[in-house]
2 protein chains.
Amino acid sequence: MKRVFCTVLPLAFQTAKLFKRSQFRTIPVSKTLHTIKEKKSNIIMEESLSKFFNYVDGNNQYLVSQLREAIPSVSADITKRSEVFRMAEWIKDRLTKLGADAKFVDPGTQQLQGQIVQLPPVILSRYGNDPQKKNVLVYCHYDVQPALQSDGWETDPYSLIEKEDGRLVGRGGTDDKGPLIGWLLTLEVFSKIGAELPVNLLFCFEGMEESGSLGLGKVVADEANKWLKGVDYTIISDSAWNTKSRPTISYGLRGNNYFSLGVSGPVADLHSGVFGGVVQEPMVVLSKLLASLVGIDGKINIPGIYDQVMELTEEEEKTYHKTSLTREDLENSLGGDYLMQKDVIQSLMHRGRYPSLTIHGVEGAFYDPGSKTVIPASVKGKFSIRSVPYMDPATIKKITIEYIEKEFKKLNSKCKLEVIAMRQGMWWYSSPNLKINIAATKAMKRVYGKEPEYVRDGGSVPIAMVFEEQLKSDVLLLPMGTYDDGAHSTNEKLDKYNYTEGIKQFSALIHELSVL
Amino acid sequence: MKRVFCTVLPLAFQTAKLFKRSQFRTIPVSKTLHTIKEKKSNIIMEESLSKFFNYVDGNNQYLVSQLREAIPSVSADITKRSEVFRMAEWIKDRLTKLGADAKFVDPGTQQLQGQIVQLPPVILSRYGNDPQKKNVLVYCHYDVQPALQSDGWETDPYSLIEKEDGRLVGRGGTDDKGPLIGWLLTLEVFSKIGAELPVNLLFCFEGMEESGSLGLGKVVADEANKWLKGVDYTIISDSAWNTKSRPTISYGLRGNNYFSLGVSGPVADLHSGVFGGVVQEPMVVLSKLLASLVGIDGKINIPGIYDQVMELTEEEEKTYHKTSLTREDLENSLGGDYLMQKDVIQSLMHRGRYPSLTIHGVEGAFYDPGSKTVIPASVKGKFSIRSVPYMDPATIKKITIEYIEKEFKKLNSKCKLEVIAMRQGMWWYSSPNLKINIAATKAMKRVYGKEPEYVRDGGSVPIAMVFEEQLKSDVLLLPMGTYDDGAHSTNEKLDKYNYTEGIKQFSALIHELSVL
């Protein structure tokens with residue numbers, strides 16, 4: 001995902017029913033946990049991981065070479081669609097050779113650049129079917145963002161280059177082929193070192209993530225009681241560390257509620273000379289309505305919008321104080337001090353645990369450079385509200401539309417108003433105390449020697465909610481790369497350190513999950 | 001012009017120095033005017049016009065056939081540029097054959113669709129050089145708006161079709177080939193009926209009117225004391241009647257002051273999930289500033305903006321009450337009641353004699369249909385103020401920028417503000433009592449049997465000011481077609497009645513001008 005909002009999941013998933021979790025779930029940790037069986041498992045784990053880590057350390061160049069598969073699997077470009085299919089075949093073939101079962105599921109068709117085209121398959125795969133073992137599902141995507149060398153890439157974006165400073169530069173390196181190949185290599189290394197996989201490993205790889213995960217929601221729902229039956233934990237391997245120095249675990253994502261605020265007037269655009277001063281202008285009405293939505297301080301003016309926001313506990317507040325992110329880091333990423341908060345703790349809270357309202361733009365008005373003397377006849381302001389636990393999409397929609405209608409009435413305009421909730425994506429909230437997060441913490445400490453930072457992210461990943469709802473499994477967002485990898489940008493890279501240690505982390509995690 | 005704002009005249013002309021006219025100039029009408037010479041002139045005029053009108057009435061089909069010259073002289077399209085030149089050659093050739101001197105003046109080059117291309121020539125022509133006669137200059141343009149049959153034309157836009165209801169349908173019919181060919185035919189008919197032209201007739205035909213009259217201002221300035229020396233009156237033949245039933249004389253045009261209201265923040269567009277609620281958003285600041293400019297009732301909030309507006313006299317007020325335009329007409333053209341005034345008199349005043357402010361749109365924000373979750377980093381609101389006598393462009397600029405800066409300061413935002421006056425075009429104001437208008441009134445009464453309606457138009461025609469300033473001549477806006485001709489639109493037409501009677505009107509007008 002790399003902070004990209006998946007746009008086109010079926011509404012059924014976007015408006016998934018609201019449920020409350022206890023904010024920090026407490027896991028009963030028995031003091032008599034270290035039974036003989038447990039000790040035995042630990043010995044196996046240590047042995048297995050020791051071999052695994054040694055293999056990784058001794059075979060860095062082999063692992064890097066496996067990332068070189070340079071298929072430009074760009075899902076957004078109709079001319080590259082066959083490449084996305086080729087990438088799918090390559091993965092399925094590789095899985096089969098590694099001894100996994102693998103199948104394609106057809107998510108249907110889409111309209112792209114004026115044509116009806118086949119969606120790339122969702123690859124479902126399973127390695128191991130031992131009823132004594134946990135079933136762990138891993139999600140990655142095999143499509144990538146478009147990239148042209150002329151956009152400013154130092155080298156051909158589809159030829160992976162290893163730089164002296166350890167950067168592996170190439171499109172998809174961090175988003176999301178690095179993690180995907182990393183998981184395939186995890187399977188391969190277990191086999192090479194002759195160790196048994198401690199869990200049954202299932203994969204769900206899609207080829208449309210960069211184009212709104214079209215069709216994925218339906219596939220997951222359809223397969224929930226078939227191929228994906230009995231999944232205990234889901235790992236979404238498509239995020240990034242929040243800083244360079246420490247791994248990150250995101251335990252919260254905001255939802256997104258996207259609105260169109262339409263104001264219409266005359267039947268057609270008018271000449272501003274002939275009708276300026278004579279006709280009520282929809283753009284004037286729209287400006288006033290947009291201006292009424294939110295303050296310069298970011299405070300949303302819609303009454304009741306903060307009523308359902310989860311209260312801040314002391315326990316949660318502490319997590320923010322552990323951050324290694326500084327105000328300077330934020331300023332640097334903005335190119336100046338445009339922050340609404342005085343300290344970084346407050347900024348992190350406003351990113352992750354409070355709602356926000358953004359005005360994105362205006363449809364139907366003049367937008368080119370230069371000048372045009374037209375009175376737009378019909379305009380639509382686009383804004384969105386990022387939602388947080390426990391805000392209910394239906395309530396957000398209701399109070400937002402009511403507020404705008406009230407403000408519109410005050411204006412006493414002859415124009416027509418139409419506010420539409422274009423889509424509503426649900427927030428996702430887990431807990432640092434979830435078993436799966438504790439397991440990930442242990443794995444990260446083992447590999448990186450550092451506690452991960454727990455954050456609530458500001459972005460939205462609707463598929464997290466889909467997996468959680470459909471499979472009744474806890475979800476972990478497990479990153480491999482870091483925030484400065486340039487996903488979606490030019491010269492995308494994955495640091496070799498993050499790649500090789502990320503693969504170690506995968507093996508450590510499934511061991512930790514196996515003994516939960 | 002047909003209500004189209006000429007965009008790219010040199011700034012020197014756009015900020016022409018302000019001068020005040022007495023609002024309704026009084027022309028001394030001597031009671032002893034009917035001297036013998038005068039009587040003789042009148043006899044000649046009556047004879048000449050009688051022959052002229054008879055010829056027109058008896059040769060309708062010939063006149064229509066002359067309008068059929070189907071050259072797609074689209075100035076805005078690089079692939080049609082050679083057609084614009086071909087049209088120029090056609091006109092020059094025709095003028096020469098009619099016995100007029102004609103020359104091309106090269107206005108230079110322009111950048112069009114990424115190429116440097118030659119501007120079509122300004123055609124200067126003169127018929128007659130009698131120092132005893134008045135020098136009357138006629139302006140028309142020989143370029144047209146683009147037109148494709150696929151846009152919704154009933155027939156090929158470049159083949160003139162005569163409909164049963166009298167419509168002559170084809171691109172350029174009313175804007176502006178009808179008037180241009182009409183003037184050439186006026187010359188021709190005088191010759192055919194063996195009558196002497198009562199004035200020296202000069203022409204200035206340009207081929208770039210639909211693309212901002214590029215280069216025209218300089219040509220007029222350069223030729224003011226050469227080819228265009230001694231011009232007594234200028235007729236701009238490129239406007240339209242305000243109603244179907246009566247001819248119109250526009251004696252006022254508004255100026256246009258186009259502003260860019262820039263608000264910039266972060267160095268690049270941001271993801272609204274990651275930075276929504278954290279960063280100050282330029283689009284929020286812009287919405288508030290745009291909302292502060294003007295009320296729903298059209299009242300401009302900039303202090304002092306109305307201070308220089310010419311006071312309404314009883315005499316002027318009376319002219320509005322003579323209108324044949326109804327509130328229903330206005331509502332019909334808007335597709336509903338979106339009018340800010342209760343009665344049509346007030347609407348006409350707000351169109352022509354009061355300033356107005358229009359918000360045109362936003363550059364730099366999201367504008368497509370659909371949704372995009374971006375925080376725009378830098379946005380520019382585009383708005384314009386139509387100015388009226390005696391508003392001074394420098395004052396408009398100063399108080400507008402000061403007001404926005406004050407409003408911006410109130411917001412206490414960290415974003416940067418940059419307000420730019422992109423261009424300032426001057427208003428133009430004549431008087432119903434000007435000799436040239438009185439002559440036109442007489443000519444119209446003779447041809448149409450009706451008094452013209454005097455209006456102050458809301459649009460802007462910077463070339464009117466250019467001719468007035470450079471040639472020190474009074475200017476008349478003389479229409480041929482009517483407001484519903486669909487200039488710039490599909491199925492553009494000129495009613496045959498307006499075409500043939502318009503040609504009569506031309507001959508009557510030059511006779512009236514000759515005896516002023």
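Each chain gets a letter, A, B and so on, in the order its sequence line appears, and its residues count up from 1. On a predicted model such as this, the values are computed, not experimentally measured, just so you know.
The environment of NZ in B/Lys380 is sparse: at most 12 heavy-atom neighbours from other residues, nucleotides or ligands sit within 6.0 Å. The 12-atom threshold is not exceeded at NZ of B/Lys372, counting heavy atoms of other residues, nucleotides or ligands nearer than 6.0 Å.
Of the two parts of B/Tyr338, the backbone and the side chain both hold a non-hydrogen atom closer than 4.5 Å to a non-hydrogen atom of chain A. Only the side chain of A/Lys382 comes within contact range of chain B, with at least one heavy atom under 4.5 Å from a heavy atom of that chain. Contact of B/Ser384 with chain A is made through the side chain alone, with heavy-atom distances under 4.5 Å.
Heavy-atom pairs under 4.5 Å with chain B were tallied for A/Asp337, A/Leu357, A/Val285, A/Val278; the largest tally goes to A/Val278. The residue among A/Ser413, A/Gly370, A/Ser260 with the most heavy atom pairs within less than 4.5 Å of chain B is A/Gly370. Of the listed residues (A/Leu286, A/Val374, A/Leu270, A/Asn412), the greatest number of heavy-atom pairs within a distance under 4.5 Å of chain B belongs to A/Val374. Contact tally against chain B (heavy-atom pairs below 4.5 Å) for A/Asp297, A/Leu290, A/Leu339, A/Asp269: the top residue is A/Leu339. Counting heavy-atom pairs closer than 4.5 Å to chain B, the top-ranked of the candidates A/Ser347, A/Ser292, A/Pro369 is A/Pro369. Between chain B and the options A/Ser333, A/Gly381, A/Gly335, A/Ser272, the largest number of non-hydrogen pairs under 4.5 Å is found for A/Ser272.
Minimum interatomic distance between A/Gly295 and B/Val284 (heavy atoms only, all atoms of both residues): O-CG1, 4.1 Å. Residues B/Glu281 and A/Ile359 share a closest heavy-atom pair of OE1-N, 3.4 Å. Summarising the geometry of A/Gly361 relative to B/Ala365, their closest heavy-atom pair is CA-CB, 3.6 Å, with the distance given to 0.1 Å. When every heavy atom of B/Ala291 is checked against every heavy atom of A/Ala291, the shortest pair comes out as CB-CB, 3.8 Å. A/His360 and B/Pro376 get closest at one heavy-atom pair: O-CG, 3.4 Å.
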Steps toward side chain to side chain contact (heavy atoms under 4.5 Å, CB included) verdict (A/Arg386, B/Thr373)
CA-CA 10 Å; A/Arg386 295 278 167 176; B/Thr373 54; 3.5 Å; yes
Starting from the C-alpha separation in whole Å, work towards a yes-or-no answer on side chain to side chain contact (heavy atoms under 4.5 Å, CB included) for A/Phe275 and B/Leu334.
CA-CA 9 Å; A/Phe275 283 102; B/Leu334 297 175; 3.7 Å; yes
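Between B/Met340 and A/Val279, every side-chain heavy-atom pair lies at or beyond the 4.5 Å cut-off.
The structure places CZ of A/Phe366 at 7.5 Å from CD of B/Glu363, a figure rounded to the nearest 0.5 Å. The NZ atom of B/Lys410 sits 12.5 Å away from the CD1 atom of A/Ile296 when rounded to the nearest 0.5 Å. Annotation: the span from A/Ser287 atom OG to B/Leu293 atom CG amounts to 8.0 Å, rounded to 0.5 Å.
No donor-acceptor pair closer than 3.5 Å links the side chain of B/Arg351 to the backbone N or O of A/Gly276. Side-chain N or O atoms of B/Gln341 include one that pairs as donor or acceptor with a backbone N or O of A/Gly277 at under 3.5 Å.
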